[in-house]
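Note sheet for the following structure.
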2 protein chains.
Amino acid sequence: MQGRSKEQPHRPRRQRGGVRLADVAAAAQVSAPLASRVLNADPNVRATPETKARVLEAAEQLGYVPNIAAKTLRQQRTGLLGLVVHNLSSPIYLDLLQGARTEAAANNYFLVLGDVDELLTDDEAYRIFINGKRVDGLIVQGGHGEFDQRIAEIARALPTVIVNAPPKSTDTVAPLVAPDEVAATRMLTEHLLALGHARIGLISGPHDSPTNLLREQGVRDALAEAGHTLRDEDTAHLTWSAEAGRAGLRTLAGRWENTRDRPTALIGGNSLIGIGMLRAAAELDIAVPGDLSIAAVHDTWISEHLVPSLTTVSLPLREMGETAVRLLLTDTPRTQRTIISDPPPRLHARASTAIAREH
Amino acid sequence: MQGRSKEQPHRPRRQRGGVRLADVAAAAQVSAPLASRVLNADPNVRATPETKARVLEAAEQLGYVPNIAAKTLRQQRTGLLGLVVHNLSSPIYLDLLQGARTEAAANNYFLVLGDVDELLTDDEAYRIFINGKRVDGLIVQGGHGEFDQRIAEIARALPTVIVNAPPKSTDTVAPLVAPDEVAATRMLTEHLLALGHARIGLISGPHDSPTNLLREQGVRDALAEAGHTLRDEDTAHLTWSAEAGRAGLRTLAGRWENTRDRPTALIGGNSLIGIGMLRAAAELDIAVPGDLSIAAVHDTWISEHLVPSLTTVSLPLREMGETAVRLLLTDTPRTQRTIISDPPPRLHARASTAIAREH
DNA sequence: CTTGCCTGAACAATCGATTTATCATGACCA
DNA sequence: TGGTCATGATAAATCGATTGTTCAGGCAAG
């Protein structure tokens, strides 16, 4: 047992890199370029069926997987899309993420996560993510003030699609994918009107945010058609959080001096606000839906598990994510604005809304 | 205004690729390799301070960002980590994701999302993600039966860290990062015991799942120390969902024939189950915490907004994500098991638990 | 019998950064 | 003056796949 005492006498030559195209080509007794063309089903390739079969066979045999870095370098295409999220803890946009992820996967793309705050504060991260050619395109959420201002700059460096809310600036810097916000709140309002509510209020996000303007519009439209109006004293505009919903309802309720001069139903600008409103109602001993009906925009997994379960309208977030990816992969004119109207917003009537009681 | 009428008379030679290292080197009047070494702060580089300054200056001036594909090809390192998630809609693991994302970013890494179901069903996606050298390492959630069986295979192909729950198989295939599950439920139980509860039940996930075994152990330990036991008729083991929590409480309540022979407090195996339990209690007119105290594992953003707000114990999910990334970046022996005990689980006492009432 | 065309395939260049090996220059010492 | 050595920098090879160009051979037409 003396000879060959070395422990690693003949490890296969290529240990790290796995199987290369050259290995496949060698096994199939063809050149690397030909193997590449066969494996990529190049329509212009001219090879006998036997040759093709040999190449495919060899690739299968060796478990060949193309090296993505090499492919990327040559083709200037990473197979990655960036998704810049604002607040991942919010349940609202997970569906959007899921939709984007699924559609990306269907095209053999993967998603890389970026964070709004990080990109704003960490220059290094920004450079790597935006300028480093790390991704082929970017999906960003509009409507986040400070970040909106940099979207134009980003869109110049990289194909970009904005989802959800258009930046405030008037010039269109990138294609937009959005839900039919107006239809959504209109639907909620009409639901409440049908239940006999006449005085309906709104607790929503910042008054001048693009999203709020649209959602508020939907409420106003539906009310106007029914001959009613949205009164200033029945609205509160804070942020998009549960805490804001709670504070908003407390503020409104503070104005209610008697049981007659007050709204019988309130709409929450998003599901977090709706949750906060339910909470505030419980704290203030306002019976829902007995004294007050509550409905909100966005249907999330939790809506039906709340007590009482929350009436909502669901936006096609998943489809928005899918569409955003599709637009990204088909380079779209930056002026294009896609409103997802199929499927339309859908009403989920639950226990938090009921027929208006006569005061 | 006739001359120069062409709109794009002299676009710079390199339009697509941006600034290359060669451009920087040329501007600084040095060779590309030297520029590379200076920019990467190679300790072995020998260059005069003036030369270094010139290179750095030129890079800054031109806005040079290294081409990641080229770097990756040469270094066999992508700068990406894969995070394989099971159900992104669940709020529970978002903190883990956030922790991982933050720590990755701090090391100039980015996260790519994979989906358990997709990797199980889509062979192409699996090959690209796992075998394609698309990522340098992988964080996977253990405890998802079918997927667990492939973790060993994955771990052979790629540096891997398992978070949360160990696969059932006894051999350790990759380092593990987990919270102190036993301490968490022990803490909840002790909180209830301190409130005077003596008979405490448990509604949790599948009985033989690794996570449940540990959580149940914590309950049993604390009860035993106080001279009590966990009765079989006070437990239900279904899935980890809100629906299961609801069904679990309904099952248990169905056994309660009089007000004396029943538990005064129940622990939910996770926050979803806790939410379902609150819902079932409301439906069954069981006052919480009057008739029944309810507490659950996992503190999420919603816990404090529920009615009543839910007592929970929070696990250090964020830190787990951070640690998982760190382990991945420092190639760790696969036998290592890291229990995050700093910070320890933390109790959030809220309105759903109260002093036990004498029956 | 040669020219020309088509088929089947190989050759060579390219993507951009890194890294190993090599070369020039000047200082210093014998 | 010649030789050694440290210093400063360059040349060339490499990572692996793709793509434009070229080449050899076979067959048909002139």
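Because only heavy atoms are used, hydrogens play no part in the values below, and waters and symmetry mates are left out as well, while side chains stay in. A note on names: the letters A, B, ... follow the listed sequences, proteins ahead of strands, and every chain is numbered from 1.
Both A/P33 and B/I68 sit near DNA chain C, but only A/P33 has its closest nucleotide nearer the 5' end. Of the two residues near DNA chain D, B/Q29 and B/L73, the one whose nearest nucleotide lies more 5' is B/Q29.
Applying the ring-ring contact (aromatic ring centres under 6.0 Å, His included) test to residues at least two apart or on different chains, the pairs with a partner in residues 64-87 of chain A are A/H86-A/H144. For residues 43-67 of chain A, no pair satisfies salt bridge (Lys or Arg N to Asp or Glu O under 4.0 Å), with sequence neighbours left out. Pairs of residues two or more places apart, or lying in two chains, that qualify as salt bridge (Lys or Arg N to Asp or Glu O under 4.0 Å) and include a residue from residues 107-123 of chain B are A/R101-B/D115, A/R101-B/E118. Legend: salt bridge (Lys or Arg N to Asp or Glu O under 4.0 Å) pairs involving residues 316-326 of chain A, not counting sequence neighbours, sorted by first then second residue: A/D95-A/R318, A/E103-A/R326. The ring-ring contact (aromatic ring centres under 6.0 Å, His included) analysis of residues 96-130 of chain A, with sequence neighbours excluded, yields the pairs A/F110-B/F129, A/F129-B/F110.
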Can you pull every protein N or O that's under 3.5 Å from an N or O on nucleotides 24-27 of chain D?
none

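Residues that satisfy the side-chain hydrogen bond (donor to acceptor under 3.5 Å, both in side chains) test with B/Q336, not counting sequence neighbours, are B/T338. Scored by the side-chain hydrogen bond (donor to acceptor under 3.5 Å, both in side chains) test, A/T121 finds no partners at all (sequence neighbours excluded).
Across all strands shown, A/L34 has heavy atoms under 4.0 Å from sugar-phosphate atoms exclusively, and none from any base. Residue B/T51 is in sugar-phosphate contact alone, with no base atom involved, counting any heavy-atom pair closer than 4.0 Å across all strands shown.
Judged by distance alone, with hydrogens and angles left aside, the side-chain atoms of A/T102 form a donor-acceptor pair with the main-chain N or O of A/Q98 at under 3.5 Å.
Within residues 36-49 of chain A, the residues approached by DNA chain C to less than 4.0 Å at the level of any non-hydrogen atom are A/R37, A/R46, A/A47, A/T48, in residue-number order.
Residue B/R20 contributes atom CZ, which lies 6 Å from atom P of C/dG16 at whole-angstrom precision. Distance, B/Q75 CD to C/dG16 P: 17 Å, rounded to whole Å. The CG-P distance, from A/L21 to C/dT14, rounds to 20 Å in whole Å. Between the CG atom of A/N67 and the P atom of C/dC15 there is a distance of 18 Å, given to the nearest Å.
For C/dG16, neither phosphate oxygen OP1 nor OP2 lies less than 4.0 angstrom from any side-chain nitrogen or oxygen of B/K71. Considering only side-chain N and O atoms, A/Q76 lies nowhere under 4.0 angstrom from the phosphate OP1 or OP2 of D/dT18.
The distance from the CD1 atom of A/I130 to the CD atom of A/E153 is 8.5 Å, given to the nearest 0.5 Å.
Among the nucleotides C/dT14, C/dG16, C/dT19, the one closest to the side chain of A/R74 is C/dT14.
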